Amino acid sequence: MRPTAVLSENTFETIEWKPEGVVMIDQTRLPGETVYVTCRSYVEVADAIRNMVIRGAPAIGVAAAMGVALGSLQSDDLDRDMPVICKALRETRPTAVNLFWAIDRMQRVYSTVRHLGDETIRARLVEEARKIREEDIAINKAIGRHGAALVPDGKTVLTHCNAGALATAGFGTALGVIREAVHMGKKIDVFADETRPFLQGARLTVWELQQDGIDTTLITDNMAGHFLKSGRIGCVIVGADRIAANGDVANKIGTYSLAVLAKENSVPFYVAAPISTLDLTLVSGDDIPIEERAAAEVTHLRGMQLAPEGIKAANPAFDVTPNRYVSAIITERGIARAPYDRSLRELTEGVPDYRG
Ligand code: MRU
């Protein structure tokens, strides 16, 4: 993959379908460099997801859908190649269910148009991938509208990882709620955890919020308890990678500790996520696969060795927060509260394509 464009100031697109391929902002190079890469094959899209050029549950769902569409354009035997393309994209990252949701949706479209000519099938797959992107932006705005009412005026919002425009097709889930609260005129500021080891908070969240002119303070992950105890944090809002039927939430490693600290200090802990992040086929979070990433992400920082040579390092990329710590789950269809088995089912009534 090579850089093809430079970002203009204060505005960016996370991912777009363009005639030359799937164009995404390279999140491994932010905030130092704002560079776009163009993926010209489904293999390049799969690599971009695996290497976190694009990351965040909804964003990798959009990328995977576009990868399927791109693969179809380059195939001269769709029946032979579609399963191969989908398998390669499914094997990129295991935790965020939006990836599998999006590929399932593309496969369903393929099954319904398979009997038509190849050109029609390809056009339909491209159309669906673009639709998933457009829908995601609208969904995030709806999440923002539902969630903004929950944000206490005059307080600080604490967030973890990046659940913003960069983690979605645009606007963001947790950051969408914050954006909408600011838009409503609430006087809030944001504390962003740096989010070791990949530093999505330090590199991406504060970059996004700074561009919006939202008052933002970067803290290291181990400062969260101190500030939660201080009384200045009005609520915690995070995104999610997969939510089980009982409301257990998989999200970036460190979310669980934050949720426990929030409860200990009577601070509401909110999860903002689209219905496509629900996996109601899983009874509880115990069944959510947790990605283990390379030890080098912990022992090294941008190639610089931090830890002694040969030391073992663990690197689970996500953890599961039990539902008892979750004050509410904010979706585009409204807000779910405990008991989640019932409230999440109710929210999905009439939704054609979610897992469950
Ligand atoms: O490893 P990442 O950066 O893909 O993890 C991202 C997160 O954990 C986000 O909080 C989650 O995907 C929600 S994004 C709207």
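Indexing begins at 1, ligand by ligand and atom by atom, following the structure's order. Everything numeric here is computed off the predicted structure, so don't read it as measured data.
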**Atom indices of ligand 1 within 4.0 angstrom of Thr173 heavy atoms, with elements** = 15 (C)
**Item:** Over 12 foreign heavy atoms within 6.0 Å of NZ, Lys141
**Value:** no
**Asked** Is any NZ, NE, NH1 or NH2 atom of the basic residue among Lys187 and Asp153 found under 4.0 Å from an Asp or Glu carboxylate oxygen of the other?
**Response** no
**Prompt:** Of the protein's non-hydrogen atoms, which lies at the shortest distance from atom 9 (C) of ligand 1, and what is that distance?
**Reply:** Asn251 OD1, 3.4 Å
**Asked** Can you list the atoms of ligand 1 that are under 4.0 Å from a heavy atom of Gln200?
**Response** 1 (O), 2 (P), 3 (O)
**Request:** Have a look at Asn162 and tell me which of Thr195, Leu204, Leu30 forms a side-chain contact (heavy atoms from CB on, under 4.5 Å) with it.
**Result:** Leu204
**Message:** Suppose I only count heavy atoms of Ala163 and a 4.0 Å limit; which atoms of ligand 1 are within that range?
**Reply:** 14 (S), 15 (C)
**Atoms in ligand 1 with a heavy atom of Lys252 nearer than 4.0 Å** = 1 (O), 2 (P), 5 (O), 8 (O)
**Message:** Below a 4.0 angstrom heavy-atom separation, can you tell me which part of Phe318, side chain or backbone, both or neither, approaches ligand 1?
**Reply:** side chain
**Asked** With the threshold set at 4.0 Å, does a side-chain nitrogen-carboxylate oxygen contact exist between Arg40 and Glu44?
**Response** no
**Request:** Of the side chain and backbone of Ala240, name the one, both, or neither that has a heavy atom under 4.0 Å from an atom of ligand 1.
**Result:** backbone
**Prompt:** Of all the atoms in ligand 1, which lie at a distance below 4.0 Å from a heavy atom belonging to Ala57?
**Reply:** 12 (O), 14 (S)
**Message:** Below 3.5 Å, N or O to N or O, backbone or side chain included: is there any such pair between Thr168 and ligand 1?
**Reply:** no
**Prompt:** Is Asp241 near ligand 1, meaning one of its heavy atoms is under 4.0 Å from it?
**Reply:** yes
**Asked** Counting from 1, what ligand 1 atoms have a heavy atom of Met52 closer than 4.0 Å?
**Response** 1 (O), 2 (P), 3 (O)
**Prompt:** Quick one: does Asn51's side chain have a donor or acceptor within less than 3.5 Å of a partner on Val53's backbone?
**Reply:** no
**Message:** Applying the side-chain contact (heavy atoms from CB on, under 4.5 Å) criterion to Val62, which one of Ile54, Ile15, Thr168, Ile137 satisfies it?
**Reply:** Ile15
**Request:** Report yes or no: does a heavy atom of Ala96 sit under 4.0 Å from some atom of ligand 1?
**Result:** no
**Item:** Any side-chain heavy-atom pair of Cys39 and Met24 under 4.5 Å
**Value:** yes
**Prompt:** Sub-3.5 Å donor-acceptor pair from the side chain of Glu194 to the main-chain atoms of Leu218, do we have one?
**Reply:** no
**Item:** Under-4.0 Å salt bridge between Asp189 and Arg232
**Value:** yes
**Complete:** Under 4.0 Å from one or more heavy atoms of Arg93, ligand 1 contributes atoms 1 (O), 2 (P), 4 (O)
**Asked** With the threshold set at 4.0 Å, does a side-chain nitrogen-carboxylate oxygen contact exist between Arg179 and Glu208?
**Response** yes
**Message:** Looking only at distances, can you tell me whether any N or O atom of Gly239, backbone or side chain, sits closer than 3.5 Å to an N or O atom of ligand 1?
**Reply:** no
**Message:** Could you tell me, atom by atom, which parts of ligand 1 come under 4.0 Å of a heavy atom of Ala167?
**Reply:** 14 (S), 15 (C)
